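These notes concern the structure reproduced below.
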Amino acid sequence: MATRRKFVQTLPAVGTAFAVGGHLFLDDGPARAQATPHLASHFHPKGKAPSKFTLEILTRARGALPFDDAKDFDEQKKGLIAQMQDLKIMADGGHVAWDMERFQFLDKQDDFDSIHPSLLRQSKLNNNYGLYEVIPGIYQVRGFDLSDITFVRWIVFDTLVTNEVARAAWKLFQQHAGQGLPVSAVIYSHTHGDHWGGARGIVDEADVRAGKVPVIAPVDFMEFTVSENVYAGNAMNRRLFFQYGLLLPASPHGYVGQGLGQAVSAGAPGLIAPTRYVEKPIEEFDVDGVKMIFQNTPNTEAPREMNTYIPDVKALWMAENVVASLHNIYTLRGAAVRDPLNWSKYIGETLYRFGLEADVMFASHHWPRWGNSRIQEVLRAQRDLYAHMNNQVLHLANQGVTINEIHNVYEMPKGLQSKWYCRGYHGSPEHNSRGVIQRYLGFWDCNPATLIPLSPRDSAPLYVEMMGGADKIMARAQQLHDEGKYLLAAEIMNKLVQTQPQNQAAKDLLADIFEQIGYQQENPGLRNSFLAGAYELRSGIPQGETASSSSPDVIRAMSTELFLNFLGIRMDSRKAEGMRFTINLITPDNGEKFIVELENATLTNIKGFLAPKPDLTLTINRSDLELAMTGAKTLESQMADGTAKVEGDASILKMLASTMVEFDPRFEIMPGTKAGQVAAAREYPFEAKDVREPIAE
Ligand SMILES: [Zn+2]
């Protein structure tokens with residue numbers, strides 16, 4: 001997991017990607033940071049301008065959207081104390097951790113013909129960059145990361161993604177409002193990495209351990225922080241290149257922000273474990289002399305999340321449960337589908353517990369809402385947003401609308417569509433509605449023809465043959481493209497590209513089609529996915545140095561059981577045919593024991609048991625095992641120096657190692673995009689390639 005690999009870089013370069021908590025983060029390295037957008041020209045030599053059909057769609061949207069309602073702009077700029085002067089924040093590693101310069105183009109024009117006007121509006125709103133007063137005593141630094149950092153006096157609510165930007169935010173706060181006093185407490189609102197990754201930038205872990213600075217979080221925070229992204233982590237990493245457009249330069253024809261914020265910072269992430277958990281549904285206690293009421297909201301925007309009410313100043317912190325967007329029910333990078341009805345009910349509960357009297361409402365992304373009527377309006381609409389999506393999608397599903405149709409059938413009510421903060425800047429009505437069906441009914445539309453379908457690359461050649469071959473498909477697809485019928489054009493061109501992955505003319509035409517669909521999207525995840533598909537079809541998957549690693553803090557926070565479970569996923573079962581063994585694993589310092597068994601080409605473990613006649617007993621303190629888990633030491637060297645004790649057949653560990661595969665985040669998504677690949681030898685990405693010591697990383 002904590003490994004770095006080389007791969008040669010092509011344009012535009014991308015830095016390192018790594019998973020932290022609920023998001024996967026990119027080292028938004030120098031090349032992307034330096035990409036100065038040219039307002040008129042396209043960043044890619046094969047890139048196309050928006051077509052007249054795309055222009056028409058964007059013009060229609062401009063006319064239909066409620067641009068008269070400018071409240072967001074008033075709220076976004078209210079309370080500005082100081083703009084951050086430096087447009088770049090440097091990482092300790094010497095690269096750029098945060099770069100606002102590349103988003104300055106957004107403010108240079110009122111409109112861009114290649115950006116949906118609603119998305120452009122949101123990105124302009126996210127171009128705020130400085131210290132803001134929410135009310136006297138409550139401050140936010142915005143625009144330093146995907147998320148906000150909030151100071152209630154010297155209590156920090158959420159700490160951004162990485163240390164360097166959190167430190168810079170703390171410095172700006174101290175210059176203008178902090179009075180030189182230290183952090184008195186940290187509160188993590190939820191388990192996603194953009195809310196805790198920067199803690200080491202503002203608080204010394206020794207002070208936390210000594211009890212000087214409490215770190216407060218919802219119950220089970222550590223378990224869910226670590227577990228949410230481990231098992232499918234590599235696939236999530238790869239998919240993030242689409243959802244977050246990691247290869248796209250900031251440009252009117254490329255990346256224009258992420259809706260929740262402009263981007264993810266690229267400094268060093270870490271994790272300081274909480275020292276105080278909020279366990280009951282509602283808990284009230286003082287933090288640094290401030291009375292706070294915590295409301296746990298499990299299984300909403302995150303598996304564990306909590307709102308906080310500060311009654312003395314009637315200030316309501318909504319964590320990430322209510323932001324200035326429709327949030328994800330289904331996450332494009334991949335995640336278990338969230339529970340929209342539960343989410344809606346918690347917003348309703350907050351409304352009736354605190355929202356009827358709150359004077360100000362603030363959250364971990366975007367900007368606050370002032371005045372009780374505005375707060376009630378936003379809470380009610382957000383409550384209804386998630387409930388409507390749940391109820392109306394199921395209403396339609398109960399009448400036979402399937403997962404393959406729902407996004408073309410489901411519509412939000414007009415009242416919600418006309419509220420900017422209900423529009424799809426993170427979730428979209430399209431992918432969320434499909435997510436709701438996925439949650440309740442799963443992937444199958446109940447048509448037997450789709451029940452055990454052929455793989456796309458196995459069915460596509462027959463289509464190509466029946467359609468009369470590549471030339472005919474190209475001609476028809478070009479015609480559909482020229483008529484603005486991009487989804488139909490994509491449908492047939494995808495068959496050809498699946499059949500002929502090396503046909504660059506076909507890939508280029510499909511890229512042109514994707515690009516127009518991308519320009520037309522309001523939702524940044526949808527836009528980025530189409531533009532990323534176009535990019536990879538044109539240029540292939542870039543090569544460069546990447547790290548598919550979690551930070552050492554996160555690996556240390558993994559339970560041994562989670563780690564062993566993940567080994568079972570990393571094992572290529574085909575290599576384990578015929579192997580059979582039983583290992584007892586004992587970690588004396590934390591009193592845990594496991595049976596680890598390989599049988600039927602399947603690696604399993606069960607906690608709390610030891611086998612009577614194991615083939616091998618491995619005894620190692622959990623604190624030493626962590627060194628192997630993070631790659632700081634190999635298990636072999638620990639066996640040699642006696643830190644790890646083995647009884648029985650030690651060669652079993654080598655046998656186990658021989659079955660392990662290191663996942664590579666550069667697997668192909670669009671056919672024929674992997675560098676140096678020839679059609680005949682098209683590689684299955686899940687083929688075992690790399691054999692490593694299993695517990696040594
Ligand atoms: Zn967040």
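Keep in mind it's a predicted model, so treat the numbers as computed, not measured. Note that ligands are numbered from 1 as they come in the structure, with each ligand's atoms numbered from 1 the same way.
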Report yes if some heavy atom in the side chain of Ile149 is under 4.5 Å from a heavy atom in the side chain of Asp158; otherwise report no.
-> no
Indicate if the distance from the Zn ion (ligand 1) to the nearest N, O or S atom of His192 falls below 2.8 Å.
-> no
Please calculate the OE1(Glu320)-the Zn ion (ligand 1)-NE2(His365) angle and round it to 10 degrees.
-> 90°
Would Arg200 and Asp553 pass as an ion pair if we require N to O under 4.0 Å?
-> yes
Carboxylate-amine/guanidinium contact Glu377 Arg374, below 4.0 Å | yes
Taking the inter-plane angle between the rings of Tyr410 and His388 on a 0 to 90° scale, is it parallel (under 30°), tilted (30 to 60°) or perpendicular (over 60°)?
-> tilted
Considering just N/O/S atoms, say which atom of Asp194 is closest to the Zn ion (ligand 1).
-> OD2
